[in-house]
Number of protein chains: 2
Amino acid sequence: MVKQVIGVNRRTTGSVGVRQVAKAAGVSTATVSRALNQPHQVSEELRKHVTSVAAELNYIPDPAARALSSQKTFRIGALIPTIANSIYSRFIEALQRRLRESGYSLVIANYDFDEALEMEEARALVESGIDALILAGEHRTPDLYELLATRRIPYLLISIYLPDSPHRCVGYDNRAGAETMARHILELGHREIGVIEGPSGVSDRARLRTRGIRDALNAFDLELPAHRLTSRSFSVRNGREGLSQLLDGAPEITAVICGNDVLAIGALMEAQSRGLNVPEDLSICGFDGLDIAQEMVPQIATMHVPTAQMGLKAAESLVTMLSGEEAPHAVLIETRLVPGGSTAPPKKP
Amino acid sequence: MVKQVIGVNRRTTGSVGVRQVAKAAGVSTATVSRALNQPHQVSEELRKHVTSVAAELNYIPDPAARALSSQKTFRIGALIPTIANSIYSRFIEALQRRLRESGYSLVIANYDFDEALEMEEARALVESGIDALILAGEHRTPDLYELLATRRIPYLLISIYLPDSPHRCVGYDNRAGAETMARHILELGHREIGVIEGPSGVSDRARLRTRGIRDALNAFDLELPAHRLTSRSFSVRNGREGLSQLLDGAPEITAVICGNDVLAIGALMEAQSRGLNVPEDLSICGFDGLDIAQEMVPQIATMHVPTAQMGLKAAESLVTMLSGEEAPHAVLIETRLVPGGSTAPPKKP
DNA sequence: CCGCTTAATGTAACCGGTTACATAAAACAT
DNA sequence: ATGTTTTATGTAACCGGTTACATTAAGCGG
């Protein structure tokens with residue numbers, strides 16, 4: 001039996017690290033680290049020297065080592081309600097791009113509007129190591145907020161604007177937006193109005209939108225009776241089914257306001273398949289301003305939400321927070337009414 | 001001046017670590033680590049003891065420390081061409097869920113079919129620390145494959161089936177799928193056929209699909225002249241514009257085959273807005289089997305791709321690869337023709 | 001009952017960065 | 001010129017796991 005050689009490093013990756021760079025540049029590891037991360041702490045010439053040596057050796061810092069040592073992962077988690085339809089895609093794109101610019105990477109998890117799954121995914125994200133978390137809306141199990149508090153993980157709510165909430169947010173006013181849309185319908189002359197709301201059981205944004213619609217109706221001395229309201233999760237199929245149900249229970253309606261554009265597309269399809277003319281026989285409108293809804297025939301009237309801008313602002317807020325500075329407590333994203341061929345005054349009877 | 005107390009640990013997070021668990025359980029840190037990660041190496045009773053103590057102390061391993069020490073991040077990157085339309089959403093959902101089950105988290109980056117951006121995002125992903133990478137299709141700058149080889153990062157191609165490629169893959173046969181679809185159109189009696197292909201300049205899947213269409217046409221002794229072909233990136237708007245262009249240059253066409261369902265929806269909308277009846281005046285078909293396309297009126301005929309299944313298989317392949325076992329070199333995902341009301345025999349002149 | 005293999009556990013050296021503290025040099029005030 | 005503050009750099013101890021190697025106990029064939 002030949003004895004194994006002792007003293008050989010058992011697990012050396014062989015790649016260049018701070019120590020290699022330090023030796024090659026003739027400085028200490030501390031100087032290398034500082035030259036790369038706190039440039040102002042190192043003299044001009046030395047910094048240039050170190051930087052060039054590092055570049056020459058093709059040095060790439062090990063993210064795990066950096067994370068362990070500095071207690072920062074440079075990773076940000078985002079819990080997205082759904083990625084099935086493209087509601088959040090522009091938001092994610094913009095968010096990711098802006099975070100990348102500041103050296104952060106984005107980890108997305110989605111939970112399909114399932115509260116328990118959201119908690120589970122949150123735990124997984126936290127345990128996989130993130131510096132901050134993005135959440136949609138305010139309402140969720142308190143356990144999640146507790147988890148974040150315990151682990152001291154900063155977070156940010158999106159898609160909702162709550163200046164009085166204890167939580168920081170970057171979002172828009174769902175209630176006011178929906179109210180604007182409903183007023184638009186009312187001002188066209190509609191009085192018999194149906195609503196296909198979003199998943200109000202699990203989404204406070206959906207609830208706020210319905211509230212906005214009610215506010216507008218009330219201002220016109222109208223109510224929203226139960227048989228003119230149906231609640232569905234966001235999908236085209238559900239939009240179709242929603243309109244079916246409304247037309248069965250309230251055939252007198254001349255307009256239907258949908259919780260978002262995906263539901264509105266579904267409603268439009270159902271109307272077409274029933275031979276109803278939109279907007280002559282029925283006006284339809286949505287919320288979100290999805291590209292695809294803008295290309296439908298007729299174009300779907302909607303409240304446009306600049307989600308890319310929201311992504312940008314959210315990223316900036318997070319970066320600010322994580323750098324220790326004070327970020328604005330609530331950032332308002334402006335929505336705007338986009339009229340479309342899917343709405344018109346009701347037919348005179 | 002009061003002298004500062006010396007000897008205080010300068011940066012202790014205070015949270016429980018292996019050492020705390022080890023002390024509380026009366027064992028060594030090695031045993032704790034093994035009890036949690038290689039259970040079979042620890043005796044039954046001791047493992048149960050350690051596990052319960054760890055749970056009691058609410059011990060959560062530090063992911064950074066684990067990554068640094070074990071040289072594994074338990075993170076997997078995915079470079080997705082686009083998240084703007086929901087082509088990849090079910091894939092991502094399934095992939096993420098399955099990876100989570102095996103303790104991996106998923107980091108997504110998208111590059112909007114921009115080759116340079118793909119390289120950039122790949123570099124960012126690699127430098128942020130990933131154990132493996134998912135790529136869509138085969139064609140890309142060689143630099144990216146080189147980067148992965150240098151860093152010894154395993155990877156997997158999806159959305160494409162290439163049994164003879166040097167790269168591992170989990171995907172479907174784009175060419176054969178498109179050929180099937182084109183044959184369907186031909187068998188309905190169409191001979192004047194237009195094509196709105198995907199971004200063939202940057203996507204080998206788009207090219208393969210067009211190839212499949214050509215193969216079917218050739219089998220019927222037909223050609224695909226340039227004025228009956230137009231190439232667009234995937235969006236509803238581009239589908240509309242694509243059909244516009246085809247109808248301008250080749251008004252004789254009775255059917256249009258689209259590179260995917262998103263383009264097909266656009267073509268359908270353009271047809272409607274021009275007062276053309278689908279399918280009587282024009283047959284339209286797509287590819288992918290998106291939910292939304294199945295709800296259009298008329299329902300869009302398509303090649304259904306089980307992307308959730310692809311996500312599952314991809315996750316399983318990756319997990320197998322990363323555990324050191326041999327994963328299948330190429331996994332075929334079956335597509336199937338889904339007829340729809342958007343196609344019919346051409347009108348007799 | 002003894003030497004030998006196998007299994008279970010402990011010790012401590014890593015992984016590769018960051019950063020508190022020490023030290024030396026330079027700038028500045030008196 | 002001398003004491004004091006500021007600035008630049010080095011030394012080495014961390015961060016919190018994993019795991020090679022050492023050690024001890026148990027299993028086993030003859």
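First the proteins, then the strands, lettered A, B, ... as listed; each starts at 1. What you are looking at is a predicted structure, and each value in this text was computed from that prediction instead of being measured.
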**Asked** Does a donor on one side chain sit under 3.5 Å from an acceptor on the other, for Thr73(B) and Asp131(B)?
**Response** yes
**Request:** Nearest whole angstrom, please: distance from the C1' of dT24(D) to the CD of Gln41(B).
**Result:** 17 Å
**Message:** With hydrogens left out and only the distance checked, is there a donor-acceptor pair under 3.5 Å joining Thr29(B)'s side chain and the base of dA12(C)?
**Reply:** yes
**Side-chain N or O of Tyr59(A) closer than 4.0 Å to phosphate OP1/OP2 of dG16(C)** = no
**Request:** Look at the side chain of Arg66(B) against the base of dG16(D) and say whether a donor-acceptor pair falls under 3.5 Å; ignore hydrogens and angles.
**Result:** no
**Item:** Phosphate contact (dG10(C) OP1 or OP2) by Thr31(B) side-chain N/O below 4.0 Å
**Value:** yes
**Asked** Between dG16(C), dA8(D), dT18(D), which nucleotide gets closest to the side-chain atoms of Ser33(B)?
**Response** dT18(D)
**Fill in**
Per atom distances to the Arg34(B) side chain, the nearest of dT19(D), dG17(D), dA20(C) is dT19(D)
**Item:** Distance, rounded to the nearest Å, where Lys23(A) contributes NZ and dG16(C) contributes C1'
**Value:** 15 Å
**Message:** I need the CD-P distance between Glu44(A) and dT7(D), as an integer number of Å.
**Reply:** 16 Å
**Request:** Would you mind reading off the distance between Lys72(A) atom NZ and dG16(C) atom P, rounded to a whole angstrom?
**Result:** 23 Å
**Item:** Nucleotide dG17(D), atom C1' - distance to CD1 of Ile60(B) in whole Å
**Value:** 15 Å
**Message:** Students often get this wrong, so: under 4.0 angstrom with heavy atoms, is Val32(B) touching a base, only sugar-phosphate, or nothing?
**Reply:** nothing
**Message:** Between Arg100(B) and Glu127(A), does any side-chain N to carboxylate O distance fall below 4.0 Å?
**Reply:** no
**Prompt:** Of the candidate nucleotides dG17(D), dT18(C), dG10(C), which contains the atom at the shortest distance from the side chain of Asn37(A)?
**Reply:** dT18(C)
**Request:** I would like to know whether Tyr88(B) and Thr307(B) meet side-chain contact (heavy atoms from CB on, under 4.5 Å); could you show each step before the answer?
**Result:** CA-CA 7 Å; Tyr88(B) 287 96; Thr307(B) 49; over 6 Å; no
**Rounded distance in Å - CZ (Arg19(B)) to C1' (dG10(C))** = 14 Å
**Message:** Tell me the interatomic distance from Glu45(A), atom CD, to dT7(D), atom P, rounded to whole angstroms.
**Reply:** 18 Å
**Asked** dG16(D), dG17(C), dC15(C): which one has an atom nearest the side-chain heavy atoms of Gln71(A)?
**Response** dG16(D)
**Asked** Under 4.0 Å: is that the gap between some side-chain N or O of Ser69(B) and OP1 or OP2 of dT18(D)?
**Response** no
**Message:** For the residue pair Glu45(B) / Ser43(B), report whether a side-chain donor-acceptor contact shorter than 3.5 Å exists.
**Reply:** no
**Asked** Think Ser70(B) has a side-chain N or O under 4.0 angstrom from the OP1 or OP2 of dT19(D)?
**Response** no
**Message:** Is any side-chain heavy atom of His167(B) closer than 4.5 Å to one of Tyr155(B)?
**Reply:** yes
